[in-house]
Amino acid sequence: MSDDFFNPVSGMDLPRFAGVPSFMRLPVMDLNHDRIADVDVGLIGVPWDSGTTNRPGPRHGPRQLRDASTMIRAQNGATGVRPFDLINCADLGDVGPNPADIPDSMERITAFYKQVMAAGITPLTAGGDHLTSLPVLRALAKDAPLGMVHFDSHTDLYHSYFGGTMYTHGTPFRRAVEEGLLDPKRVVQIGIRGSTYDDEDTDFAKSVGIRVIRIEEFFARGLADVIAEAREIVGTAPTYVSYDIDFVDPTFAPGTGTPEVGGPNSFQALEVVRALDGLNIVGADLVEVSPPFDSSGGTAFLGVSIMFELLCVMANTIASRPAER
Ligand code: MN
Ligand code: MN
């Protein structure tokens, strides 16, 4: 597909440090734009961190990620994929949350994503803390539960925090399973590590059939073997990809609220996404980039590089669905 309107601004025409920084230098469109029906993938910011239980900051993520994303060029050097030639992409702006009210924020986010779904757009989200995934899944999985490939150093499967608080960035996928948004037998969590409170989260995973692949197993078996298993678990049915930047070792991604040492490097952070090529991905997010802890900006650059890899596999999938185009 070729449509000049949806081409990113090239660094060959305007230097990458110049211009208003939209996601990957794509056109910015609101949901009432007269070309909205032509958009295949919408890049969306959710500047919201009210679910954070420790060090905050991801509310500033989308703005910093947009700035860092101006570094991204049109072609994937590793795979040769040119996503903007395969599908139409646009920056759909930010969902405005209510930073003082979690339920109200979740309703606003879900309402926005329902409109995105109604327009036939596949969302690629920049968070926000990990609670962001729950209101997004409420829109995406309203008809049937999804599978999920989840990269994180935490399961985010706890029941509650502080004696009964149900909605934090440590609980989104517990709620998503309870609400029937995820099919737990088609959920795989990769990279889990660090000190924990107890086994309450992994006991729940076991009880419902979620596959948890700890980092020790990831390194012992190797990336290719682990991702091959993940692909079998989610199968060919609709699948969400949720990527917490703290999956990556804090040497490479220090700008996040809950870092855990002993993780994958930045090369492996990209490779795990490339290995998902061909899956039936119906949405994805990159969450937990916290600019106040990202003094070099390197975490945001890694974050948007992961988003570009996600976009490349999503573009391949969407472009290979002839019936829908
Ligand atoms: Mn997380
Ligand atoms: Mn995490």
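First listed ligand is number 1; within each ligand, the first listed atom is number 1. On a predicted model such as this, the values are computed, not experimentally measured, just so you know.
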Problem - Sub-6.0 Å ring centroid separation between F204 and H159 - result: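 Between F204 and H159, the centre distance exceeds or equals 6.0 Å.
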If you apply the rule side chain to side chain donor-acceptor pair (under 3.5 Å), what do you find for Y240 with D285, and how did you get there?
CA-CA 8 Å; Y240 192 74; D285 62 45; 2.6 Å; yes
Q | Check against side chain to side chain donor-acceptor pair (under 3.5 Å), S242 and H130 | A | CA-CA 9 Å; S242 192; H130 223 151; 2.7 Å; yes
**Q.** Under the ring-ring contact (aromatic ring centres under 6.0 Å, His included) test, residues paired with Y113 that sit two or more places apart
**A.**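 Y113 satisfies ring-ring contact (aromatic ring centres under 6.0 Å, His included) with no residue once adjacent residues are dropped.
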query = With a cut-off of 2.8 Å, which protein N/O/S atoms are close to the Mn ion (ligand 1), if we only count those under it?
reply =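 The answer, once waters are left aside, is H130 ND1, D152 OD2, D156 OD2, D244 OD2.
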Step-by-step ring-ring contact (aromatic ring centres under 6.0 Å, His included) determination, H33 to F5 = CA-CA 13 Å; H33 196 281; F5 175 79; 5.6 Å; yes
Do NZ/NE/NH1/NH2 and the carboxylate oxygens of R274 and E309 come within less than 4.0 Å?
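Yes, charged N to carboxylate O under 4.0 Å.
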